[in-house]
Amino acid sequence: MPDLDDLTRRQLAKVLRNAPEPAQIDPDLDLVEAYGLTSLNKVLFLTSVCQAAEVGLDTFTEDDLARMRTLGDVVAALEVHPKKG
Amino acid sequence: MTESVLNRIVARRPEHAGTLTVAGLGGTRTMPLAEFHDRARAVAGALRREGFGAGDRVGVLAPNGLEWALLDLACLMIGAQTAGFEPGKFGAPGELVGRYDLAVVFCGGPLDGDTPPGVRPIAEISGYAAETPAALDPVGYGPQECTTVKFTSGSTGVPKGLAATVGSIDSSLHAVQALFEHRPGDNLLVFLPLSLLQQRYWLYSALRWGHDLTLTTYQSVFAVMPAVRPTVVMGVPGFFNAAKQHLESTGQAATALFGDRIRYLWTGSAPADPAVLRFFTDAGLPIFEGYGLNETCIATKNHPGAHRPGSAGKALPGKEVFLDADGVVCVRSDHPVNTAYTYAAPGESERIFKPGGVVRTGDLGRIDDDGFLYVLGRADDVIVLDNGKKIIVRPIEARFRATGAVAECVLFCPQQTELVAVVDPAPGRADARAIAAALGAVNAAGEPDERIARVIVADEPFSVGNGLITAQFKPIRKNIRARYAHRLDDVKEGIHAGSR
C-alpha cells in the first residue's frame, strides 16, 4: 500500500508552478485558495493521484470531488477506498 | 437551404447505429440514439399530457445530464421553446419564471419545501422517459421560427437573451458538417454547459449524421476522457490551457489524457494562445480555432481543408465577414440568429444588429488576402493613453501568458498614463521573481507605449465561483477591475517594471 500522504504531496508538487519540495506542502491548506489550483487543474490533479494510488476513479462522484478541498481531504478520501484489484 | 436538420431529427427516429454516452465520475451510461429518440418521445408525450406545447417556453437550470438532453429534444418535438440557464449565473429559479416568461423551469439538484410555482426537479424527466413513447403529430418549423432562447455569457455585463432561429441553427449544422464531415465512428465529446446552444448542436448532429456523442461535465471531463477515447473534443482555450499545463508538468503524452483516437480538437469562444495551439499540433492533435458570438453563431472556422494558425479561419458557408470603417468585424448571415435581442436593455439590439442580417461584433480584426480572419481584440478593450495612442490589450496579455509565469493576465489603465496588469499566477503560490522577470520580457518585446508599469498579483485564482471568469473561462474585465480597484489605483501597489 503506497504511503498516500507522500504520494499526494509528490503529485501536487508536480503540478504547482514553483515546484515546491513535497515536504513543504501543508495538507490543511485549501488547494484552490492557497495553492491556486483552478477547477480544471484540481480535477487533473485528482485524476493523477487516483491513477498513482491505483484507486478507481469511478469510486468518486462529482460531489466527492467538490468536498476535497485540502490535501488532507484527498488522503482521507483515498484511504477509505481499496486499490483496484 | 437544403433540408432542415431540426425538422428531420424531430420527425424521424434514427436508423443509424450512433450512440449517446453520458459519462461522469459517478458512472457511465450508453444508449443507442434510436432509443434516446424513443425516450425523448416519451418525455414529449408526458409534457403534452400536462398541457405544455407550442407557444410555451420551458426553462432548464441544471448541470449536463441525460435529462437535459431528453428535455431539449422533447421540447423540439412538441413545439415548446427552451431557455437554458447556466447554473450559478442566474437568480433563484422562481425568479426566472416571471422574468423570462417561462411556463415551467426544470432544475437540477434538490428543491426545498418552499418550491415556488412553476419550478420542478429535472429528475422528473427520468420518470417520463420510462413511459411508452408517444405517437406525436410531426412538428414542422419554418426557418424564421425560434426553438430556444440563449443567453450571452455575461463576460460583458448582464446576460442578454437571444431567440435563435431554426434557419440559423440548420445553417450552422450544415456548414460544420461540410467542413468536418462527422461520421459514424466519430465520437464527439461535449463538456461545456448544455445551456450554451452550440453544445446542443452536437446532439442534433449525432441524431442526423449517425456519429456518437459523449456528454459529460467540466468537473468530470479530464477524468473520463482517457476511457471515452473521443475522436473530437469540443473545448475552449481555458480547457486546452489546463491540459497543456498538466501534460507539461507530468511529462505524460497527450494520448494519456485525450485518448488515442483524436481526429481533431475544436476551440472557440475566445482567442487561443499560439503556444497552446503549437503544443497540441506538435503532439499530433490537430486543433482548429474559430470565431463567433452568440449573436452570429459560428462565423469563421479553421478546418482540415483551410487552416492558417494564428487566424480564426475563413467565413463559414452562408456567412460573410468584413470590416467596417473602424476596423470592427462585421458578420452578415444568410440565416441570421435573429435581428434583435429578446431580453436586453434599451438600445442594446440597435448597437449590434444592423440591417441586412449584419451583426457588428465589437471586435477589431483584419482579413488577409485569402479571406482568413485575425481577431485583434475587443474595440472596448482598446486603451487610449493620454498621449492619444490606442493600445489593443489582447496581444500584450497573450504575450504575458506565454511567458508561463501567469495563467491569466488582464490589462487596465487606471490613471490613463500607464498600463497595469492584474495577473492570476495559478497554479501554485505566486512567484514574484518569475513574474518580475516575465514583466521585463513582455516589455522588452513590445512597443514603448505598450509598456506595463506594474503587475498586481491576484489574491486568489480567477474562477467561475468568484465571478472573475465565465463558464467558458474568459476573464470578466469589469469584475476584475472592481475587485482590484484599490490596488489598481494605488501607484505603489504591485510588482513594478524594473524591480528584481
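Here is the naming used below: chain letters follow the sequence lines, and residue numbers restart at 1 for every chain.
Heavy-atom distances place no part of B/I469 under 4.5 Å from chain A, backbone and side chain included. Contacts between B/E248 and chain A at a heavy-atom distance below 4.5 Å are absent for every atom of the residue. Looking at A/Q51, only its side chain comes within 4.5 Å of chain B, counting heavy atoms on both sides. At a 4.5 Å heavy-atom cutoff, B/S463 makes no contact with chain A through either its backbone or its side chain.
Across all non-hydrogen atoms, the minimal contact from B/H246 to A/S48 is CE1-OG, 2.9 Å. Shortest non-hydrogen contact noted between B/S220 and A/E62 is OG-OE2, 2.6 Å. Among all heavy-atom pairs drawn from A/L40 and B/Y218, the shortest one is CD2-O, 3.8 Å.
The distance from the CD atom of B/Q245 to the CG atom of A/L44 is 9.0 Å, given to the nearest 0.5 Å.
For the set B/N241, B/N466, B/T217, the entry with the most heavy-atom pairs within less than 4.5 Å of chain A is B/T217. Top candidate by heavy-atom pairs under 4.5 Å with chain A, chosen from B/P63, B/G251, B/A223, is B/A223.
Shown here is B/R29, whose CZ atom has no more than 12 heavy atoms of other residues, nucleotides or ligands within 6.0 Å. Around the CZ atom of A/R69, the shell of radius 6.0 Å holds no more than 12 heavy atoms that belong to other residues, nucleotides or ligands.
Here the side chains of A/D64 and B/L25 are not in contact, with every heavy-atom distance at 4.5 Å or above.
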